[in-house]
Novice: 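Shown below is the structure under consideration.
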2 protein chains.
Amino acid sequence: MTTTAAFAQIAALMGDPARAGMLDALLDGRALTAAELARAAGVTPQTASSHLARLSEAGLLAVERQGRHRYHRLASPSVARMMESVMAVAADRPPPRRPATGPRDRRLRHARTCYDHLAGHVAVAMADAMVARGQIDLAPDGGALTPEGAAFLRDLGIDLDRSAGGRRVFCRPCLDWSERRPHIAGVLGAALLDGFLARGWLRRLERTRAVEVTPPGRLALARAFGIRDGA
Amino acid sequence: MTTTAAFAQIAALMGDPARAGMLDALLDGRALTAAELARAAGVTPQTASSHLARLSEAGLLAVERQGRHRYHRLASPSVARMMESVMAVAADRPPPRRPATGPRDRRLRHARTCYDHLAGHVAVAMADAMVARGQIDLAPDGGALTPEGAAFLRDLGIDLDRSAGGRRVFCRPCLDWSERRPHIAGVLGAALLDGFLARGWLRRLERTRAVEVTPPGRLALARAFGIRDGA
DNA sequence: CCGATGCTTCGGCCACGCCCGAACCGTCGC
DNA sequence: GCGACGGTTCGGGCGTGGCCGAAGCATCGG
């Protein structure tokens with residue numbers, strides 16, 4: 001049964017703390033250098049190099065050489081989805097102890113990127129608002145944009161056509177590990193994140209997956225989604 | 001960052017060949033005894049016992065005692081979804097060698113259960129047929145039943161209302177590792193499998209996830225989906 | 001009560017693989 | 001050319017964890 005062996009191999013690659021730290025650092029979809037990933041994982045560069053080689057060979061990571069740097073990124077969205085699903089399982093177990101929420105952790109819980117879409121408190125609030133207004137349908141298995149939702153996005157200036165080429169546009173629910181409730185992933189989630197970043201409503205922060213809601217972003221989100229809690 | 005530690009722990013549990021074998025054996029949604037799982041994993045009962053204890057404590061498995069037997073099953077659908085997503089990543093890498101398809105493997109590739117829905121060649125053909133006829137929309141991120149599809153299911157006698165309670169019914173695509181194309185999972189996939197088993201069109205086989213298409217099932221599938229290849 | 005069966009616990013063996021120090025290659029800047 | 005820096009390869013130390021034999025608990029059948 002060679003297929004279970006491949007299954008176990010992929011899982012084992014994620015199962016090492018150092019590699020898990022690197023993968024987590026890459027989960028925002030950006031490409032990082034080996035040194036940055038070594039720091040993220042808390043190991044020396046030579047250890048990181050070995051891990052990165054194995055992850056690349058297994059097809060979890062893709063590498064781009066650029067001068068004397070090597071940029072590593074997740075090889076495909078399916079890798080990100082796999083990680084999300086593992087986090088979902090890891091999150092819905094009783095926490096072994098008080099999570100000890102730190103200030104940095106609080107930022108992550110508030111708003112962060114999840115590969116190509118937004119996660120955290122803000123993202124869940126957005127999803128709730130769109131569901132409450134009948135703009136999207138969201139079920140554990142999938143979701144869909146309603147006509148009202150399509151109109152809403154058009155008003156917001158969010159462009160979905162580019163990736164949806166005439167086909168019906170779907171969104172995908174993604175269980176938020178901090179909120180334990182679904183936020184919007186998939187094509188729709190990616191379009192929302194892109195649009196908000198482009199408008200300057202959100203800004204990526206260095207060295208973390210957390211994103212910041214800018215002052216104009218706060219106003220815009222309050223107007224569009226009725227979200228009015230502070231940063 | 002205690003969340004990456006939990007992530008790595010879950011992944012590491014899947015990452016051992018013996019545990020992966022047990023989880024795979026449970027992927028059809030049934031509950032098995034420790035001895036059966038030990039055989040499936042190719043280890044002695046005492047080794048299996050240790051693995052099972054760890055899987056249960058981590059919340060991946062649930063146990064039910066019944067007399068002097070202990071039945072183990074996957075703790076939740078989210079565990080099955082996690083495993084599916086890992087298999088999807090494991091499948092879309094270049095196979096290390098010729099897969100060496102055996103007769104038993106061929107049955108699995110033809111039709112098998114995938115937790116609560118159908119997978120394999122037959123399942124992909126069903127999905128293709130329904131897409132071609134406009135009965136479902138299927139995208140990488142999600143899927144939805146069209147009005148035509150709802151009517152089709154009604155004619156087939158497939159009951160979706162029980163679990164969908166007035167809400168819109170969604171289906172979910174699930175990448176088939178043998179066919180490398182999506183089949184139908186989610187609420188719709190589960191309803192189809194249940195219905196076909198209840199009608200005697202499909203029959204579960206012992207000690208494997210493979211399912212058999214019965215002679216009446218062959219006729220019915222040909223009539224309903226235009227599938228006419230042999231068992 | 002006794003033995004058989006299903007499963008778990010204990011103890012010890014062994015090896016896989018994670019880790020880092022040191023040395024080696026390639027690119028950039030001067 | 002030379003040093004500096006990013007990254008990889010090599011070698012050996014070491015601990016975690018998988019594995020089984022043997023013994024210990026439960027439950028069922030007689």
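Every chain is numbered from 1 and lettered A, B, ... according to where its sequence line falls, protein lines coming before strand lines.
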Novice: Taking the side chain as C-beta and beyond, is there a heavy-atom pair between A/Val43 and A/Met22 under 4.5 Å?
Specialist: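 With C-beta onward as the side chain, the pair touches.
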
Novice: With respect to the phosphate group of C/dT8, does any side-chain polar atom (N or O) of B/Arg70 fall under 4.0 Å of OP1 or OP2?
Specialist: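 True: B/Arg70 side-chain N/O within range (under 4.0 Å) of C/dT8 OP1/OP2.
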
Novice: Is the side chain of B/Asp176 donor-acceptor paired with the backbone N or O of B/Arg181 at a distance under 3.5 Å, no angle test?
Specialist: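 No, the answer is negative, given that no donor and acceptor are paired below the 3.5 Å cut-off.
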
Novice: What parts of residues 47-61 of chain B reach DNA chain C, counting only heavy atoms under 4.0 Å away?
Specialist: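 Close to the strand are B/Ser49.
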
Novice: Are A/Arg112 and A/Ser178 linked by a side-chain donor-acceptor pair shorter than 3.5 Å?
Specialist: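 Looking only at side-chain atoms, A/Ser178 and A/Arg112 do form a donor-acceptor pair, the distance falling under 3.5 Å.
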
Novice: With the threshold set at under 4.0 Å for non-hydrogen atoms, list the residues of residues 31-39 of chain B touching DNA chain D in residue-number order.
Specialist: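 Nothing qualifies; none.
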
Novice: Could you check A/Thr44 against A/Gln66 and say which one's nearest nucleotide on DNA chain C is further toward the 5' end?
Specialist: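 Result of the comparison: A/Thr44.
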
Novice: Starting from C1' on D/dG18, measure out to CE on B/Met22 and report it in whole angstrom.
Specialist: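 Between C1' of D/dG18 and CE of B/Met22: 11 Å.
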
Novice: Determine whether any donor atom in the side chain of A/Gln46 lies under 3.5 Å from an acceptor atom in the base of C/dG21, or the reverse, and answer yes or no.
Specialist: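 For A/Gln46, whose side chain was compared with the base of C/dG21, there is a donor-acceptor pair (under 3.5 Å).
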
Novice: How far apart are the C-alpha atoms of A/Glu64 and A/Arg73, what are their side-chain angles, what is the distance that settles it, and do they pass the salt bridge (Lys or Arg N to Asp or Glu O under 4.0 Å) test?
Specialist: CA-CA 8 Å; A/Glu64 296 163 33; A/Arg73 60 174 174 79; 2.9 Å; yes

Novice: So, does B/Arg199 use its side chain to make a donor-acceptor pair with the main chain of B/Gly157 at under 3.5 Å?
Specialist: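 Checking the backbone N and O of B/Gly157 against the side chain of B/Arg199, a donor-acceptor pair under 3.5 Å is found.
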
Novice: Quick one: does B/Arg81's side chain have a donor or acceptor within less than 3.5 Å of a partner on B/Pro77's backbone?
Specialist: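 The answer is no, because no donor-acceptor pair under 3.5 Å joins these two groups.
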
Novice: Just by modelled atom types, is the A/Gln66 backbone N or O under 3.5 Å from a matching donor or acceptor in the A/His69 side chain?
Specialist: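 It does not hold such a pair.
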
Novice: Send over the distance from A/Glu64 CD to C/dT27 P, rounded to a whole Å.
Specialist: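 From A/Glu64 CD to C/dT27 P: 17 Å.
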
Novice: Any luck finding a side-chain donor-acceptor pair between A/Thr47 and A/Ser50 under 3.5 Å?
Specialist: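 Judged by distance alone, the side chains do not pair up.
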
Novice: Rounded to whole angstrom units, what separation is found between the CG atom of A/Leu13 and the P atom of C/dC16?
Specialist: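 The answer, rounded to whole Å, is 17 Å.
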
Novice: Starting at the 5' end of DNA chain C and moving along, which residue's nearest nucleotide shows up first, A/Ala18 or A/Arg65?
Specialist: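 On the 5' side of the pair lies A/Ala18.
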
Novice: For a quick check of understanding: with a heavy-atom distance under 4.0 Å over all strands, which category does A/Arg19 fall into, base, sugar-phosphate or nothing?
Specialist: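 Sugar-phosphate only.
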
Novice: Could you check which of C/dC7, D/dC19, C/dC20 has an atom nearest any side-chain atom of B/His69?
Specialist: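 My answer, after comparing the listed nucleotides, is C/dC7.
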
Novice: Roughly how many Å is it from CZ in A/Arg68 to P in C/dT27, rounded to a whole number?
Specialist: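 So the two atoms are 11 Å apart, to the nearest Å.
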
Novice: Is it true that the side chains of A/Thr33 and A/Glu36 contain a donor and an acceptor less than 3.5 Å apart?
Specialist: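 Checked: A/Thr33/A/Glu36 side chains pair up, N/O donor to acceptor below 3.5 Å.
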
Novice: For the pair made of CD in B/Gln9 and C1' in D/dG17, what is the distance, rounded to whole Å?
Specialist: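 So the two atoms are 14 Å apart, to the nearest Å.
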
